[in-house]
**Q** 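Here's a structure for you.
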Amino acid sequence: MSAEPDFDVIVVGAGVAGCITAYQLAGRGLSVALIDRGETPGAKNLSGGVLYTHPLQQVFPDFLQTAPIERRISRNQICFLNQDSSVAIDYRDARLDRDGTAVSVLRGRLDPWLAERCEDAGVLVMPGVRVDSLLIEDGRVVGVVAGEDELRARVTVAADGVNSFLARDAGLRPAPQPHQLAVGVKAVVQLPSDIIEARFGVDALEGAAIAVVGDCTRGVGGGGFIYTNQGSISVGVVLRLDDLTAKGLRSTEVFDGFLDHPYTERLLRGGELLEYGCHLVAEGGQAMVGELVHHGLVIVGDAAGMTINTGLTVRGMDLAAGAAIAAAVGVAEAIETGDVTAAGLAGYPKALAAGFVGQDLQTYARAPKFLENPRMYESYGPLLADALHQVFGLDGSARKPLRRVAMDALKGSGIGVGTIVKDAWQGARAL
Ligand SMILES: Cc1cc2nc3c(=O)[nH]c(=O)nc-3n(C[C@H](O)[C@H](O)[C@H](O)COP(=O)(O)OP(=O)(O)OC[C@H]3O[C@@H](n4cnc5c(N)ncnc54)[C@H](O)[C@@H]3O)c2cc1C
């Protein structure tokens, strides 16, 4: 017979997924412990920083007013970057600003705020504690082991991020494949807010998010990002691990190249480096999401491989929040009925599949494969710039009609029309 549990629920990891699961369960009257290895929650967490807020607004109706938001993102750019040129699509929309659809955040501020909300809701927050393994008895997860201590719970929530050693060490999840992982390198560069607003063409409190493809990764599958905070810029690259290894490049040298590129240098000029960090990113999309429940255990957020990278948007935090909402439903039901087996916890995967997380993972299931296409990183940026150069680069030679301009640029790129049509079709299906 197992010893009495210390808590109804133990949540491991005080990132977005863990905090929101813990907060929701405490709100349902359950006793919850939230454990994180960081001295303060979020101390080691790293995101590019654009957070799509709707699930956060669902959990905290005052999120936009009270959370430590940097800027409301009302301007989005997609930029093809080449050695000497760039071609961008620029989308700005007052609706994005008004609704607070997406905001920039710094995890060092957001995560402690989330953990504080948990404490206010009655969660026992335990920072500075590293969980070493799951406590498993008769094939059932009954808690966690941290150093000398064993802590028992009816249900344990693995919200321990992309590496999720907990579930893996227990043999409950396979290790991710190299093509399902990317390495993210990010810096935060301090700049006065008036300079940020002038350089990025935004008003006070408004922000811009630039997704960059091409020369920022030196041909490695992945992309770059530049996001505005209140008094700083978040800048980084996300590089597919298998491609990075195959090309014999180091992530930091690729990132340094992006920082030194005139396009980036102009935006960051005069800034002071505040932070620099590397972190793995789950890139496998739906194919990476394995089983979400086991006896006494649920897995949420990055630990379950829940991210969507379409090249246009990188999403993980909103999916972590959405999964947390679904997990709280399943865990609360299971505890209420006294059945914490995988079958008893099935309300979680069911709620997840019915909500935006399951639906979006399904919609973008083809995105990872499409983004493996090297032409996205090597060919289309120069092709666009060459075509536009023939339009704008007036040099006294006779002009050609647009049809000829396009054909010449195509010929120069070495990409056949059939290939472009195929890529466009695959892109339309994947994204
Ligand atoms: C460079 C980069 C850019 C990104 N850009 C974006 C973006 O712009 N927008 C977006 O939505 N997403 C982005 N993502 C993805 C996003 O950061 C993740 O999807 C998100 O952080 C997942 O949240 P999580 O709570 O599941 O995991 P995490 O935030 O990783 O939290 C896991 C927590 O578990 C704790 N932990 C781990 N192991 C243990 C242990 N053994 N014991 C105790 N505690 C433990 C950690 O300290 C951490 O606090 C980006 C990621 C990277 C790396």
Side-chain angles (χ1 to χ4, degrees), residues 10-22 33-53 55-56 73 76 102-108 110-112 114-115 125-134 144-147 151 156-169 181-188 209-211 222-227 234-239 251 255 275-283 299-310 312-324 327 357:
I10 291 174
V11 180
V12 183
V16 176
C19 284
I20 293 182
T21 312
L34 174 62
I35 305 178
D36 200 282
R37 64 184 172 186
E39 284 308 320
T40 52
K44 292 185 177 168
N45 294 347
L46 192 146
S47 272
V50 172
L51 167 63
Y52 296 91
T53 60
L56 278 300
I73 302 298
N76 288 275
V103 297
S104 51
V105 293
L106 292 166
R107 295 293 296 274
L110 178 71
D111 291 18
L114 288 170
V125 180
M126 301 168 68
V129 178
R130 188 186 189 287
V131 169
D132 297 313
S133 62
L134 294 172
V144 298
V145 181
L151 289 172
T156 301
V157 178
D160 52 333
V162 63
N163 283 321
S164 191
F165 289 115
L166 286 191
R168 250 197 288 152
D169 286 357
L181 289 175
V183 59
V185 193
K186 177 189 168 185
V188 178
I210 309 178
F225 60 85
I226 304 175
Y227 302 150
S234 292
V235 53
V237 289
V238 174
L239 306 162
S251 56
F255 183 46
E275 283 174 33
Y276 188 100
C278 294
H279 202 282
L280 282 178
V281 190
E283 285 273 290
I299 308 174
V300 287
D302 268 17
M306 291 172 191
T307 50
I308 298 175
N309 182 357
T310 64
L312 310 177
T313 54
V314 180
R315 292 171 51 196
M317 290 185 283
D318 63 316
L319 303 179
V357 178

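Numbers for residues simply follow the sequence, beginning at 1. These numbers come from the heavy atoms of this one structure, side chains and all, not from hydrogens, waters or symmetry mates. Counting convention: from 1, in listed order, for ligands and their atoms alike.
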**Q** What residue and heavy atom of the protein are closest to atom 42 (N) of ligand 1, and at what distance?
**A** Val131 N, 2.9 Å

**Q** Calculate, to the nearest 0.5 Å, the distance between atoms NE2 and CG belonging to His279 and Asn45 respectively.
**A** 6.0 Å

**Q** What protein heavy atom sits nearest atom 30 (O) of ligand 1, and how far off is it?
**A** Gly161 CA, 3.7 Å

**Q** Given side-chain contact (heavy atoms from CB on, under 4.5 Å), test Val12 with Val144 step by step and report yes or no.
**A** CA-CA 9 Å; Val12 183; Val144 298; 3.9 Å; yes

**Q** Say whether Asp36, considering both its backbone and side-chain N or O atoms, lies within less than 3.5 Å of an N or O atom on ligand 1.
**A** yes

**Q** For Pro41, which part has a heavy atom under 4.0 Å from ligand 1: side chain, backbone, both, or neither?
**A** neither

**Q** Considering only protein heavy atoms, which is closest to atom 52 (C) of ligand 1, and at what distance to one decimal place?
**A** Val281 CG2, 3.6 Å

**Q** Which atom pair, heavy atoms only, marks the closest approach of Leu46 to Cys278?
**A** CD1-N, 3.9 Å

**Q** Please round to the nearest 0.5 Å and tell me the distance separating atom CG of Leu151 and atom CD1 of Ile35.
**A** 5.0 Å

**Q** Which of the numbered atoms in ligand 1 are below 4.0 angstrom from a heavy atom of Gly13?
**A** 33 (C), 34 (O), 35 (C)

**Q** Considering non-hydrogen atoms only, spot the tightest contact between Gly128 and Glu39 and give its length.
**A** CA-OE2, 3.9 Å

**Q** Under the side-chain contact (heavy atoms from CB on, under 4.5 Å) test against Glu283, which residue among Val238, Leu181, Val183 passes?
**A** Val238

**Q** Under a 4.0 angstrom heavy-atom cut-off, which atoms of ligand 1 come close to Ala159?
**A** 32 (C), 33 (C), 34 (O)

**Q** Can you name the atoms of ligand 1, numbered from 1 with element, that are less than 4.0 Å from a heavy atom of Met317?
**A** 9 (N), 10 (C), 11 (O), 12 (N), 19 (O)

**Q** Give me the residue, atom name and distance of the protein heavy atom closest to atom 4 (C) of ligand 1.
**A** Gly48 N, 2.8 Å

**Q** Who's the nearest protein heavy-atom neighbour of atom 26 (O) of ligand 1, and how far?
**A** Asp302 N, 2.8 Å

**Q** Hey, mind stepping through Val185 and Tyr276 against side-chain contact (heavy atoms from CB on, under 4.5 Å) and telling me if it holds?
**A** CA-CA 8 Å; Val185 193; Tyr276 188 100; 3.7 Å; yes

**Q** Counting from 1, what ligand 1 atoms have a heavy atom of Gly301 closer than 4.0 Å?
**A** 26 (O)

**Q** Give me the nearest non-hydrogen protein atom to atom 23 (O) of ligand 1 as residue plus atom name, then the distance to 0.1 Å.
**A** Ala320 CB, 3.9 Å

**Q** With a cutoff of 4.0 Å, is Leu51 in contact with ligand 1, counting heavy atoms of the residue only?
**A** no

**Q** Under a 4.0 angstrom heavy-atom cut-off, which atoms of ligand 1 come close to Leu46?
**A** 1 (C), 17 (O), 51 (C), 52 (C), 53 (C)

**Q** Atom OG1 of Thr53 and atom CD1 of Ile73: how far apart are they, to the nearest 0.5 Å?
**A** 11.0 Å

**Q** Quick one: does Val314 get an N or O within less than 3.5 Å of an N or O on ligand 1?
**A** yes

**Q** Can you name the side chain to side chain donor-acceptor pair (under 3.5 Å) partners of Ser104, sequence neighbours left out?
**A** none

**Q** Does any N or O atom in Val50 lie less than 3.5 angstrom from one in ligand 1, N or O only?
**A** yes

**Q** For Val314 and Tyr52, which heavy atoms make the closest approach, and how far apart are they?
**A** O-CE1, 4.4 Å

**Q** Please list, in number order, the atoms of ligand 1 under 4.0 Å from a heavy atom of Gly184.
**A** 1 (C)

**Q** Taking all non-hydrogen atoms of both residues, which atom of Met317 and which atom of Arg107 are closest, and how far apart?
**A** SD-CD, 3.7 Å

**Q** Can you tell me the protein heavy atom closest to atom 44 (N) of ligand 1 and the distance?
**A** Arg37 N, 3.1 Å

**Q** Mark up the atoms of ligand 1 that fall under 4.0 Å of a heavy atom belonging to His279, in ascending order.
**A** 53 (C)

**Q** Going by distance only, is there an N or O of Val185 that falls short of 3.5 Å from an N or O of ligand 1?
**A** no

**Q** What is the minimum heavy-atom distance between Ala324 and Thr21, and which atoms define it?
**A** CB-OG1, 3.2 Å

**Q** Looking only at distances, can you tell me whether any N or O atom of Lys186, backbone or side chain, sits closer than 3.5 Å to an N or O atom of ligand 1?
**A** no

**Q** Examine ligand 1 and decide if any of its atoms is less than 4.0 Å from a heavy atom belonging to Arg107.
**A** yes

**Q** Rounded at 0.5 Å granularity, tell me how far CG in Leu280 sits from OG1 in Thr307.
**A** 11.0 Å

**Q** At the 4.0 Å heavy-atom cut-off, does Tyr227 count as touching ligand 1?
**A** yes

**Q** Would you say Val238 has any N or O atom under 3.5 Å from an N or O of ligand 1, going by distance alone?
**A** no

**Q** Report the part of Thr307 in contact with ligand 1, treating N, CA, C, O as backbone and CB onward as side chain, heavy atoms under 4.0 Å; options are side chain, backbone, both, neither.
**A** side chain

**Q** Numbering the atoms of ligand 1 from 1, which are under 4.0 Å from a heavy atom of Gly316?
**A** 10 (C), 11 (O), 12 (N), 19 (O)

**Q** Could you give the distance from CG (Leu110) to CG (Leu51), rounded to the nearest 0.5 Å?
**A** 6.5 Å

**Q** Is it true that Val129 lies under 4.0 Å from ligand 1, counting heavy atoms only?
**A** yes

**Q** Distance from Asn76 atom CG to Thr313 atom OG1, nearest 0.5 Å?
**A** 9.0 Å

**Q** Which heavy atom of Ser234 sits nearest a heavy atom of Val188, and at what distance?
**A** OG-CG2, 4.1 Å

**Q** Under 4.0 angstrom from ligand 1, any heavy atom of Arg130?
**A** yes

**Q** Looking only at protein heavy atoms, which one is nearest to atom 31 (O) of ligand 1, and what is the separation?
**A** Gly15 CA, 3.6 Å

**Q** Would you please name every residue forming a side chain to side chain donor-acceptor pair (under 3.5 Å) with Asp302, sequence neighbours left out?
**A** none

**Q** Is it true that Gly236 lies under 4.0 Å from ligand 1, counting heavy atoms only?
**A** no

